[in-house]
Amino acid sequence: MSQSTSCKTTSCKKAYITTPIYYVNDIPHIGHAYTTVIADTLAIYSRMIGHDTFFLTGTDEHGQKIEEAAKARNRSTQEYADEISGKFRSTWDRFDITYDKFIRTTDAEHKLGAQAAFKNMFDKGDIYKDVYKGHYCISCETFFPQIQLVDDEFCPECGKPTSIVEEESYFFRLSDYQDKLLAWYDENPECILPKSKRNEVIRFVESGLEDLSVTRTSFDWGVRIPEEINDPKHVMYVWLDALMNYLTALGYGTDEAKMDQWPARVHLIGKDILRFHAIYWPAFLMSLDMPLPKHIAAHGWWTRNGEKMSKSKGNVVNPIEIADAYGLENFRYFMLREVPFGGDGDFSQRALMDRINSDLGNDLGNLLNRLIGMSGKYFDGDVQSDLVSKYYQVELNEMKASITKLEPLLYDMQLHRYLDELWRPLSVANKAIDTYQPWTLMKEGREEEAMALNGLIANILANVAIMLHPVMPKTTVNIAKSLGFTIDGDSYQKIIQDGALLDRFTIEKIPPLFPRIEEMIIAETPKEEPKKKDEKKEVKKDDKAEGVALITIDQFFLTSLKIGTVIKAEEVPKSKKLLLLQVDLGDDDIRQVVSGIKEWYSAEELVGTQVCLVANLKPAKLMGLKSEGMVLAAKDGDGLVLMRPEKPKQSGTEVS
RNA sequence: CGCGGGAUAGAGCAGUUUGGUAGCUCGUCGGGCUCAUAACCCGAAGGUCGCAAGUUCAAAUCUUGCUCCCGCAACCA
């Protein structure tokens, strides 16, 4: 897949472009595809204009989650990681992604490089060993901050008493970098794109940074800290390990031949991992005395009907399925054109079809067909440009005005506006044909003008094909072939950089590039109620099949369930989800219960109604409020309902 | 009063910095054209620019207050 073009001059610009390394606990979905396609587009563009480009993607394979996921499937961890990593790689190959390197955090070179970095940071004094002192719940195997504890002692998870436990860990002095980070954000207004995200990060950093625990001793599946430190039970924290891939891919700490690619021009990421890239990563780099990346660009989510995609909702879009059905490059175009960078976008086959039929078919494909028809009928496909500027200078100027606006848009990640602007020349061309009516020109014997018009159209198409090439590599090569020229660094230089016209085109008839799509290709899952219920039943069966632990009746009776009457309800201030209830359990037993049901029930409608309460739950503290019980409710994709007695019962009635 | 972004035609967006005729894409309707993939071109309908008040000759744009939405943080016992 490597297509990296070497630079002819020594002074030429470097372009190191990265995607995140994808975590192998999931198979590739549209979000992964989106990030990767953006990066690929930037990489192809950057090669085309002659920059020395290095495009990196890969997989992140360490951490407890992977260890557990493999165990659950009865596989060795390495075997499992190999399988998922392979799925990512084959997906990108299917997507014609032109990555120069596919890194895996299980690569030997990566581990060595990550260890070298750890050592450097340690030697500098930025990593120090300390004990993580905290309130530890033995049964939950988790530390809790003081503020979460119930009555300053009990575990908020299970209610058992916590003990103060000291666990050793290595820490990174993130707090030392707070001011330096703020200075970096301040001096580099475009370091984080879109700009709204930069604000978010600045506010977060201003609120104070604590040192970061960067090793774990609770699992093995990770990179050991360097041998020199002689502390073999410590494994690097996954994010430290993962972020380092951007350096180790260039050979940091091993064969450093490619290190001249650093710093990265752009790290493309999804908005979920902004904090790691915008705070931890620059701080690590500062510690290593490395220059910082030029841009960290965070894009938004793809939704379905405005809802987040999730496996449980069954509305996940499989990118390969879409690419197979609608055409890979059409899908690439759609993803980049449809959504303003940084914002969320809604995926639907309807929207995709509209883009294909309207933008690609009507505006672009049909224009090429018009030219094929005209030039074939009138000039046998032989088109010359020498008189274009004599008759159509206005149109040429309009086209050039658009073309020159393109590059800055790309550097600002404004891919959707880039494509919008790129479509303007097509409109100029379509308009010109109608305005000057070549068929009339031919009837009137004004062949010269008709020829020049063909030349205008052909040159506009050539310009558009070149600038569209990074988004639709194969399609644009076909367009170029039909026009009789080649898309490469030379034609880019001549046509786009120098703004020259191609003198002559030999136009060849090709079948329509974007045949009209009349109907949705993939059957939409009816997705209405019956389907959902079916899915849920299956899930439940699966749960049983996998063996939800069986309990004895005695164990069941350990839980005290009671009917309670809500005598007072109010909203918890500043909380999106919580309501504060006073529940009467009879015998003067009035419980204060904090419940996360505000999104589905208002305080007023609850007062006087009955609920089912777990009465012997250890108290917990939520938003600083004590909660002495749990209200039973059932929640699914459509919302949450409380479990209530069918008819009113006396407060305090036992449920069994 | 935790931080930030937003509300403009049926949908999606631009315009707000620097007040001066409200614009683009898709969709709808009417017309034109035949080189073309029922495509292309022209035209029309459709908006009290979230609400209220203020400044001004003039407010989508500036000021103040309010409502609602969406991110981040917190949070589902």
Side-chain angles (χ1 to χ4, degrees), chain A residues 147-148 150 154-159 194-207 271-272 274-275 298 300-301 306 337-340 342-346 348 350-351 354-379 416-417 419-420 423-424 426-427 429-442 450 453-454 457 511-518 572-579 593-600 613-614 617-633 635 640:
Chain A
I147 191 154
Q148 279 188 21
V150 178
F154 301 102
C155 169
E157 291 275 344
C158 64
K195 286 172 189 168
S196 56
K197 298 287 177 202
R198 175 168 157 265
N199 278 337
E200 208 174 284
V201 170
I202 290 174
R203 297 294 169 202
F204 186 86
V205 173
E206 277 173 350
S207 75
K271 63 182 183 181
D272 53 327
L274 177 63
R275 185 165 307 165
W301 296 127
R337 175 64 185 84
E338 186 72 5
V339 189
D344 290 349
D346 203 59
S348 73
R350 181 79 254 161
D354 286 349
R355 286 289 174 200
I356 295 173
N357 287 337
S358 174
D359 295 3
L360 296 175
N362 298 350
D363 297 341
L364 173 60
N366 184 51
L367 179 64
L368 178 63
N369 253 29
R370 298 179 89 177
L371 177 66
I372 291 171
M374 284 191 295
S375 64
K377 200 165 192 174
Y378 304 142
F379 307 112
H416 66 297
R417 292 183 55 195
L419 289 169
D420 183 49
W423 248 244
R424 279 170 212 269
L426 297 177
S427 166
N430 275 318
K431 239 171 247 186
I433 299 176
D434 274 66
T435 308
Y436 301 107
Q437 304 178 2
W439 51 94
T440 307
L441 294 176
M442 290 305 286
L453 184 65
N454 275 262
I457 308 303
L513 290 169
F514 311 102
R516 216 179 156 70
I517 300 171
E518 301 294 350
V572 174
K574 290 186 216 164
S575 164
K576 194 197 266 181
K577 301 180 177 176
L578 302 180
L579 288 181
V593 177
V594 182
S595 183
I597 57 175
K598 184 170 160 185
E599 288 167 272
W600 299 281
L613 198 78
V614 181
L617 203 61
K618 285 274 184 184
K621 208 193 262 179
L622 293 163
M623 298 289 279
L625 297 165
K626 200 169 177 183
S627 180
E628 309 162 304
M630 178 168 83
V631 174
L632 295 187
K635 183 176 158 193
L640 172 146

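First the proteins, then the strands, lettered A, B, ... as listed; each starts at 1.
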Could you tell me whether the side chain of A:Leu367 reaches within less than 4.5 Å of the side chain of A:Ile457, counting heavy atoms only?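 A:Ile457 vs A:Leu367: side chains touch.
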
When we call it a touch if two heavy atoms are under 4.0 Å apart, what does [X] touch: a base, just sugar-phosphate, or nothing?
X        : value
A:Gly629 : sugar-phosphate
A:Val594 : sugar-phosphate
A:Arg275 : sugar-phosphate

Option passing side-chain contact (heavy atoms from CB on, under 4.5 Å) with A:Val614 (candidates A:Leu632, A:Val593, A:Val631):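 For A:Val614, the side-chain contact (heavy atoms from CB on, under 4.5 Å) check succeeds only for A:Leu632.
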
Between the protein and nucleotides 6-13 of chain B, are there any N/O to N/O pairs under 3.5 Å, and if so, what are the atom names and distances?
none

Any residue meeting salt bridge (charged side-chain N to carboxylate O under 4.0 Å, His left out) with A:Arg424, in chain and number order, not counting sequence neighbours: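 Only A:Asp420, A:Glu421 meet the salt bridge (charged side-chain N to carboxylate O under 4.0 Å, His left out) criterion with A:Arg424.
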
List for me each residue that meets salt bridge (charged side-chain N to carboxylate O under 4.0 Å, His left out) alongside A:Lys271, sequence neighbours excluded, and say none if there are none.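 With sequence neighbours excluded, A:Lys271 shows a salt bridge (charged side-chain N to carboxylate O under 4.0 Å, His left out) to A:Asp344, given in chain and number order.
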
For residues 358-377 of chain A, the salt bridge (charged side-chain N to carboxylate O under 4.0 Å, His left out) pairs (sequence neighbours left out) are A:Arg355-A:Asp359, A:Arg370-A:Asp434

Tell me: [atom1] of [X] to [atom2] of [N], nearest whole Å?
X        : N     : atom1 : atom2 : result
A:His416 : B:C26 : NE2   : P     : 16 Å
A:Glu200 : B:C3  : CD    : P     : 14 Å
A:Asp359 : B:C24 : CG    : C1'   : 13 Å
A:Phe204 : B:G71 : CZ    : C1'   : 15 Å
A:Ile202 : B:G5  : CD1   : P     : 12 Å
A:Lys197 : B:C70 : NZ    : P     : 15 Å

List the residues meeting side-chain contact (heavy atoms from CB on, under 4.5 Å) with [X], not counting sequence neighbours, and say none if there are none.
X        : value
A:Tyr378 : A:Met374, A:Pro438, A:Trp439, A:Met442
A:Arg203 : A:Glu206
A:Asp272 : A:Trp301
A:Val339 : A:Tyr34, A:Trp302

[N] to [M] separation - [atom1] atoms, rounded to the nearest Å:
N     : M     : atom1 : answer
B:C75 : B:G54 : P     : 45 Å
B:A77 : B:G4  : C1'   : 31 Å
B:A52 : B:G15 : C1'   : 24 Å
B:C26 : B:A36 : P     : 23 Å
B:C41 : B:U34 : C1'   : 12 Å
B:G43 : B:G50 : C1'   : 32 Å
B:C3  : B:A9  : C1'   : 34 Å
B:G65 : B:C70 : P     : 23 Å

How does protein contact run along nucleotides 35-43 of chain B, one letter per nucleotide 5' to 3', with B for base contact, S for sugar-phosphate only, - for none, heavy atoms under 4.0 Å? BBB-SBSS-

Go through it in stages, so that I can follow the logic: the residues are A:Leu364 and A:Trp423, the test is side-chain contact (heavy atoms from CB on, under 4.5 Å), and I'd like the CA-CA distance, side-chain angles, deciding distance and then a yes or no. CA-CA 8 Å; A:Leu364 173 60; A:Trp423 248 244; 4.1 Å; yes

So what does the secondary structure string of RNA chain B come out as, 5' to 3', with Watson-Crick or wobble pairs under 3.5 angstrom, [ ] for crossing and | for pairs with another strand? .(((((((.[[[[.)....(..]]]].(((((.......))))).....[[[[[..)....]]]]])))))).....

Could you tell me which residues satisfy side chain to side chain donor-acceptor pair (under 3.5 Å) with A:Thr440, sequence neighbours excluded, listed by chain and number?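 Result, side chain to side chain donor-acceptor pair (under 3.5 Å) vs A:Thr440: A:Gln437.
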
Could you check which of B:G4, B:A77, B:G71 has an atom nearest any side-chain atom of A:Leu578?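 The closest nucleotide is B:A77.
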
On a heavy-atom basis, the closest approach of A:Leu274 and A:Ala298 is CD1-CB, 4.1 Å

Residue pair A:Ser375 / A:Ile372: nearest heavy atoms and the distance that separates them: OG-O, 3.4 Å

